[in-house]
Amino acid sequence: PMRKVIYGGACSLDGFVADATGQVDWLHFSKDVQAVMARSWATADTVLFGRKTWQVAQAMGGGATGPTVKSYVFSTTLTSRKVPMAAC
């Protein structure tokens, strides 16, 4: 059977994820949002990250969790092929 690819992203009304300084403080992770994300993450076996998103997820202590979840980080600036995935 074919696996599903699900895109999860956030975008402000002006079409950006972060402001000019890289801040995403407009994103509010309410209990409702956390519950929806937890249900979605529970069904994932692989997560694809861009470098900046991965770094934000790492700093927040979040991202994909679980022993069977594989994470891949796409970057043109990281120098290591093996990136520590403490929480991702």
Side-chain angles (χ1 to χ4, degrees):
M2 188 176 295
R3 294 169 51 193
K4 291 182 183 178
V5 174
I6 301 170
Y7 170 77
C11 182
S12 64
L13 292 175
D14 60 358
F16 292 95
V17 174
D19 67 17
T21 64
Q23 297 299 308
V24 291
D25 56 355
W26 61 273
L27 289 171
H28 299 284
F29 294 101
S30 67
K31 296 286 186 195
D32 292 338
V33 171
Q34 291 175 25
V36 168
M37 290 178 68
R39 285 193 304 270
S40 179
W41 283 113
T43 65
D45 66 354
T46 305
V47 181
L48 308 177
F49 289 99
R51 177 193 49 88
K52 290 182 181 180
T53 302
W54 174 77
Q55 287 175 321
V56 169
Q58 288 284 250
M60 294 174 67
T65 58
T68 60
V69 177
K70 295 179 184 174
S71 295
Y72 296 92
V73 179
F74 291 84
S75 172
T76 59
T77 60
L78 290 176
T79 58
S80 173
R81 292 192 72 183
K82 294 232 177 204
V83 179
M85 295 290 184
C88 292

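Note that these values count all heavy atoms, side chains included, but never hydrogens, waters or copies made by symmetry. Along the sequence shown, residues are numbered consecutively beginning with 1.
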Starting at CD of Gln55, measure out to CG of Leu78 and round the result to the nearest 0.5 Å.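 Reported value, rounded in 0.5 Å steps: 6.5 Å.
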Testing the basics here: between Thr43 and Ser40, what is the closest heavy-atom pair and its distance to 0.1 Å?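 Looking at all heavy atoms of both residues, the shortest contact is OG1-O, 2.8 Å.
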Least distance between heavy atoms, Val17 atom then Val24 atom: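 Heavy-atom minimum between the residues: O-CG1, 3.4 Å.
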Could you check whether any side-chain heavy atom of Arg3 comes within less than 4.5 Å of a side-chain heavy atom of Asp45, counting everything from C-beta outward?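 Yes, at least one pair of side-chain atoms sits under 4.5 Å.
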hydrophobic_cluster_shared for Trp41 and Val36, side chain cutoff 4.5 Å: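 No, it is not one cluster - the side chains of Val36 and Trp41 are not joined through contacts under 4.5 Å.
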Whether the Ser12 and Asp14 side chains hold a donor-acceptor pair (N or O, under 3.5 Å, no angle test) is what I'd like checked.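 Yes - a donor-acceptor pair under 3.5 Å links their side chains.
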